[in-house]
Amino acid sequence: MWRRILTILVARNREFYRDRAGLSWNILMPIMMVLAFAFIFTDTSRDVFKVGVVGDGADMPVAAFPFLQTRHIQFIPVTDPSAAIGKVERHQLDLLVDPSETPRYWVNSESANGYLVERLLLGAGGSGGDAAGDDGESAGVIPQRVTVSGAALRYVDWVLPGVLAMNIMFSSLWGVGWVIVRYRKNGVLRRLKATPLSPWEFLTAQVFSRLLVVLGASLVVYSGASLLLDFPMHGSYLALLLVYVSGALCLISLGLIVSSRLRTEEVADGLLNLISWPMLLLSGVWFSMEGASGAAQILSRFLPLTHIVDGARAVMIDGAGVLQVLPQIGLLAGLALLFLTLAAWMFRWE
């Protein structure tokens with residue numbers, strides 16, 4: 001069995017690296033995108049202030065905390081204060097406020113936006129009434145000030161884990177979903193049907209072949225970006241590898257489901273676009289889902305790419321290890337096994 005799998009794997013890999021145009025595109029396109037973002041988003045300033053508010057957002061004490069009524073500030077509900085404090089340190093949040101009975105706020109002393117938003121907070125009277133009474137004196141209770149520090153996180157640093165995940169998604173889905181449909185249309189699968197090769201063996205070979213290609217291309221992209229850009233990598237390389245491996249296996253298996261019975265590349269291309277573009281828009285690759293509608297955030301949690309991006313950012317930016325990203329790894333690996341089993345059950349040679 002393993003000899004047959006290895007034979008198909010080697011043949012598929014040769015087909016890929018002999019296609020020089022496809023090989024170049026898989027490597028150069030993500031590097032060019034990262035460089036473009038580094039050039040476009042060199043300025044880390046923001047047009048809109050972002051303030052985290054401790055709480056689930058359902059019962060924000062707007063009346064008791066008049067600062068929350070300030071216009072032109074995006075208030076984001078925060079359920080994990082420790083993670084939000086880290087975002088204040090990296091300038092991803094301009095301020096974090098806790099409008100509880102003993103109000104507090106966290107500000108980065110090195111953030112220009114943080115300084116301005118703090119002035120707005122103090123000018124609004126903190127909490128407990130209007131900014132000023134009839135006699136012109138502040139009637140509010142000034143919240144306790146907590147100072148943090150840290151350098152700003154560039155957009156290119158934040159987006160790089162998502163770009164790598166996006167490259168894995170496209171290479172995984174089209175690398176098997178479109179190719180196997182082409183095999184079926186050209187009669188390759190019909191000839192393989194006459195051999196002792198089983199559907200499970202054929203699909204397993206396709207998974208391992210595409211996994212090697214995806215990881216190899218991602219390593220080249222990561223190395224190229226590392227040489228050209230000084231981006232942060234605070235976590236474990238093993239954890240990052242496991243996140244991308246489990247994510248690639250999940251997306252490759254999803255591509256196998258698409259290709260299990262289709263006969264034309266046009267239909268396969270349409271279905272793959274239908275799957276990939278919602279993931280691209282709702283998985284936080286280009287922009288954070290914080291502040292998005294509740295329905296969009298709920299839908300985002302059902303997309304495999306979301307968990308790949310979240311896990312990779314947790315490792316590269318937050319310094320997470322294997323244990324911290326184990327939920328994402330376990331979920332992606334479980335989905336990969338489920339998708340592969342379903343693809344083998346649905347697969348038809350002709």
Side-chain angles (χ1 to χ4, degrees), residues 26-27 30-31 33-34 37 79-90 92 150-151 153-173 207-208 210-254 279-280 283-286 288-290 300-340:
N26 273 271
I27 294 174
I31 293 180
M33 292 183 64
V34 171
F37 283 122
T79 56
D80 187 356
S82 61
I85 292 173
K87 292 184 178 182
V88 175
E89 293 174 349
R90 296 190 298 268
Q92 291 177 284
L153 182 70
R154 301 175 301 171
Y155 179 72
V156 65
D157 300 331
W158 182 85
V159 80
L160 178 62
V163 170
L164 292 172
M166 178 202 68
N167 189 50
I168 287 175
M169 178 190 70
F170 282 120
S171 183
S172 298
L173 291 178
V207 168
F208 283 114
R210 181 48 42 172
L211 181 63
L212 291 175
V213 170
V214 167
L215 295 181
S218 298
L219 179 60
V220 173
V221 172
Y222 184 93
S223 302
S226 179
L227 291 174
L228 298 171
L229 302 169
D230 184 21
F231 61 85
M233 174 55 187
H234 301 301
S236 164
Y237 281 100
L238 176 61
L240 185 64
L241 176 64
L242 291 176
V243 168
Y244 282 139
V245 167
S246 59
L249 288 173
C250 178
L251 293 172
I252 291 170
S253 302
L254 182 59
M279 285 199 289
L280 197 62
S283 296
V285 173
W286 309 114
S288 173
M289 293 300 293
E290 293 177 343
S300 175
R301 305 315 302 173
F302 288 94
L303 304 177
L305 189 62
T306 298
H307 301 283
I308 303 175
V309 174
D310 288 350
R313 285 203 178 112
V315 173
M316 296 180 66
I317 297 175
D318 298 329
V322 175
L323 292 179
Q324 286 75 26
V325 294
L326 200 57
Q328 287 92 343
I329 295 172
L331 176 62
L332 292 169
L335 287 175
L337 181 60
L338 175 63
F339 291 161
L340 182 58

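Keep in mind that what you see is a predicted model, and the values were worked out from it rather than measured. Values below: every heavy atom of this structure, side chains too, minus hydrogens, waters and symmetry copies.
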To the nearest 0.5 angstrom, please state how far the [atom1] atom of [X] sits from the [atom2] atom of [Y].
{"X": "Asn167", "Y": "Tyr244", "atom1": "CG", "atom2": "OH", "result": "10.0 Å"}
{"X": "Leu219", "Y": "Leu215", "atom1": "CG", "atom2": "CG", "result": "8.5 Å"}
{"X": "Leu331", "Y": "Asp310", "atom1": "CG", "atom2": "CG", "result": "11.0 Å"}
{"X": "Tyr237", "Y": "Met316", "atom1": "OH", "atom2": "CE", "result": "8.0 Å"}
{"X": "Leu251", "Y": "Phe339", "atom1": "CG", "atom2": "CZ", "result": "8.5 Å"}

Taking the side chain as every heavy atom from C-beta outward, state whether [X] and [Y] have any pair of such atoms under 4.5 Å apart.
{"X": "Val325", "Y": "Leu242", "result": "no"}
{"X": "Met279", "Y": "Val309", "result": "no"}
{"X": "Leu332", "Y": "Leu249", "result": "no"}
{"X": "Trp158", "Y": "Arg90", "result": "no"}
{"X": "Val315", "Y": "Met233", "result": "yes"}
{"X": "Leu173", "Y": "Leu254", "result": "yes"}
{"X": "Leu280", "Y": "Trp286", "result": "yes"}

Compare every heavy atom of [Y] with every heavy atom of [X], then report the nearest pair and how far apart it is.
{"X": "Ala336", "Y": "Ser253", "answer": "O-OG, 3.3 Å"}
{"X": "Ser218", "Y": "Ile168", "answer": "OG-CG1, 3.4 Å"}
{"X": "Ser300", "Y": "Ser283", "answer": "OG-CA, 4.2 Å"}
{"X": "Cys250", "Y": "Pro304", "answer": "SG-CB, 3.8 Å"}
{"X": "Val285", "Y": "Val159", "answer": "O-CG2, 3.3 Å"}
{"X": "Asp157", "Y": "Ile317", "answer": "O-CD1, 4.1 Å"}

(request) Look only at the side chain of Ser246 and the backbone of Val243, and say whether a donor-acceptor pair between them is shorter than 3.5 Å. (result) yes

(request) Using atom types as modelled and distance alone, determine if a side-chain donor or acceptor of His307 lies under 3.5 Å from a backbone N or O of Arg301. (result) yes

(request) Evaluate side-chain hydrogen bond (donor to acceptor under 3.5 Å, both in side chains) for Arg210 paired with Ser171, printing each intermediate quantity in order. (result) CA-CA 8 Å; Arg210 181 48 42 172; Ser171 183; 3.0 Å; yes

